[in-house]
Amino acid sequence: MALSAKNLKAGDTHEEVVVDDLKRTQVVMYAGASGDYNPLHTDEIFATKVAGYPTVFAHGMLTMGMTGTMLTNYVGDGRLTKYGVRFVSQVWPGDTLTARAEVEAVREENGQHLVDLKISTVNQDGREVLTGSATARVDP
Amino acid sequence: MMFARAVGDPNRVYYDDEYAAKTEVGHVIAPPTFVQSSAQFDPNYGLRPKPGQPWFGSGKEASGAARGGGGGGGGGGGGTGLHAEQHYEYHRQVRPGDVLIPTSKPGKTWEREGRRGGKLHFSESVTEYRDQDGELVVTARSVGVRTEKTVEQG
């Protein structure tokens with residue numbers, strides 16, 4: 001499962017569709033699981049009439065969580081040492097998101113082999129919704 | 001498992017003891033963004049309705065009350081508060097039985113003129129999650145942004 005430093009090089013990529021046609025129900029599930037009940041995410045009347053948005057939108061952390069699935073599928077379970085993101089555009093119900101990791105560097109630190117990844121998640125229109133980076137332990 | 005379900009991750013390492021025992025980590029672990037759900041245990045978390053207190057979501061009216069306050073790590077408060085960035089450092093994997101105690105401190109604040117949301121006020125908060133023995137498990141850095149107006153679309 002785990003990646004091996006000797007088989008990795010800068011520029012290698014891995015991508016996955018992490019959600020196809022995001023449903024409002026999944027946003028509700030995330031609200032319940034995370035405890036973030038901000039009505040912007042689940043309350044259509046509040047989101048449109050009070051906040052002025054076209055509809056509800058997903059928690060940034062749901063996008064980070066879904067992108068995390070791509071990452072752990074790629075680097076293996078329990079291998080991440082760092083994972084950080086910026087939320088650059090909102091994610092709306094109906095969106096299909098593709099998350100992608102690109103190898104920036106393969107290095108050794110204190111005898112441990114590590115891979116640095118650049119992360120980008122885009123919607124069906126190719127618009128970037130999340131950018132970030134991650135570091136994971138890899139086998140020699 | 002509820003959290004993994006919500007992010008749509010079917011990986012058995014997040015809930016199946018027998019399966020997880022045979023993996024490299026050797027036990028069930030939490031998904032990478034799981035500590036976000038510590039909001040559930042924060043008695044003062046502003047983005048959860050509380051019995052007997054006003055809530056700003058819709059009821060008879062589109063907005064029932066004044067906006068709640070921001071919540072630590074939750075990415076800002078109501079209406080115009082949005083989550084801008086989130087960063088985690090993992091010192092070890094979170095496993096069942098862990099009791100994680102978060103300690104948050106405010107970080108930097110800064111402002112910038114945005115393209116779609118007017119003036120943007122950023123504020124950072126750093127949360128350390130330590131286990132029952134005081135060992136550092138996860139360090140989280142969250143950046144919230146307060147926008148002057150609704151973010152323009154397009």
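Chain A is the first sequence line, chain B the second, and so forth, proteins listed ahead of strands; every chain is numbered from 1. Note that this is a predicted model, so its numbers are computed, not measured.
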Under the side chain to side chain contact (heavy atoms under 4.5 Å, CB included) criterion, do A:Thr72 and B:Val13 qualify, and how do the steps go? CA-CA 11 Å; A:Thr72 50; B:Val13 79; over 6 Å; no
Over all atoms of both residues, closest heavy-atom pair of A:Gly78 and B:Val25: CA-CG1, 4.0 Å
Tell me, side chain or backbone of B:Phe34 under 4.5 Å from chain A's heavy atoms, or both, or neither? neither
Cluster question for you: counting only ILVMFWY and a side-chain heavy-atom cut-off of under 4.5 Å, with indirect links fine, are A:Val75 and A:Leu8 together? yes
Most contact-rich option vs chain B, by heavy-atom pairs under 4.5 angstrom, among A:Thr69, A:Thr135, A:Val27, A:Thr131, is A:Thr69
Between A:Asp43 and B:Ser58, does any side-chain donor sit less than 3.5 Å from a side-chain acceptor? yes
Treating B:Glu24 as the side-chain partner and A:Gly76 as the backbone partner, does any N or O pair qualify as donor plus acceptor under 3.5 Å? no
Rounded distance [0.5 Å steps], CZ in A:Phe46 versus CH2 in B:Trp55: 8.5 Å
From A:Phe87 CZ over to B:His83 NE2, what is the distance, rounded to the nearest 0.5 angstrom? 4.5 Å
Linking I/L/V/M/F/W/Y whenever their side-chain heavy atoms sit closer than 4.5 Å, directly or via other members, would A:Met66 and A:Val122 fall into one cluster? no
Please find the pair of heavy atoms, one from A:Pro39 and one from B:Gly57, that lie closest to each other, and give the distance. CG-CA, 3.8 Å
Mind checking whether B:Met2 and B:Tyr15 sit in one hydrophobic cluster, side chains of I, L, V, M, F, W, Y counted as touching below 4.5 Å? no
Atom pair OG1/NE2 of B:Thr33 and A:His59 - distance to nearest 0.5 Å: 12.0 Å
Could you walk me through whether A:Asp36 and B:Tyr45 pass the side chain to side chain contact (heavy atoms under 4.5 Å, CB included) test, one step at a time? CA-CA 9 Å; A:Asp36 179 348; B:Tyr45 186 64; 3.6 Å; yes
Atom CZ of B:Arg130 with >12 non-hydrogen neighbours under 6.0 angstrom: yes
How would you list, in number order, the residues of residues 89-102 of chain B that have a heavy atom less than 4.5 Å from chain A? B:Glu89, B:Tyr90, B:Gln93
Hphob cluster co-occupancy, B:Phe41 + B:Tyr129, side-chain heavy atoms under 4.5 angstrom: no
Any sub-3.5 Å donor-acceptor pair from B:Gln86's side-chain atoms to A:Met64's backbone N or O? no
Heavy-atom closest pair, residues B:Ala6 and A:Leu62: O-CD1, 3.5 Å
Tightest non-hydrogen contact, residues A:Ser34 and B:Ala39, listed as O-CB, 3.8 Å
Do A:Val50 and A:Val56 belong together in a cluster built from hydrophobic side chains that touch within less than 4.5 Å? no
Does atom NZ of B:Lys50 have more than 12 heavy-atom neighbours from other groups under 6.0 Å away? yes
Enclosure of A:Ile45 CD1 (heavy-atom neighbours >12, cutoff 6.0 Å): no
Between CD on residue B:Gln36 and CE on residue A:Met61, distance to nearest 0.5 Å: 4.0 Å
For A:Val18 and B:Val7, run side chain to side chain contact (heavy atoms under 4.5 Å, CB included): C-alpha distance rounded to whole Å, both residues' side-chain angles, the deciding distance at 0.1 Å, then the answer. CA-CA 9 Å; A:Val18 291; B:Val7 298; over 6 Å; no
With chain B, which of A:Thr81, A:Thr63, A:Thr48, A:Val19 has the greatest number of heavy-atom pairs at distances under 4.5 Å? A:Thr81
Go through A:Lys82 and B:His87 one step at a time and tell me if the side chain to side chain contact (heavy atoms under 4.5 Å, CB included) criterion holds. CA-CA 8 Å; A:Lys82 274 185 188 178; B:His87 304 267; over 6 Å; no
Taking all non-hydrogen atoms of both residues into account, name the closest pair between A:Tyr53 and B:Leu82 and its distance. OH-CD1, 4.2 Å
So what's closer than 4.5 Å to chain B heavy atoms on A:Gln90: side chain, backbone, both or neither? side chain
Can you tell me if CD on B:Glu113 sees more than 12 non-hydrogen neighbours from other groups inside 6.0 Å? yes
CG on A:Asn38 to CG on B:Leu47, rounded to 0.5 Å: 5.0 Å
Side chain, backbone, both or neither: which part of B:Pro31 has a heavy atom under 4.5 Å from chain A? neither
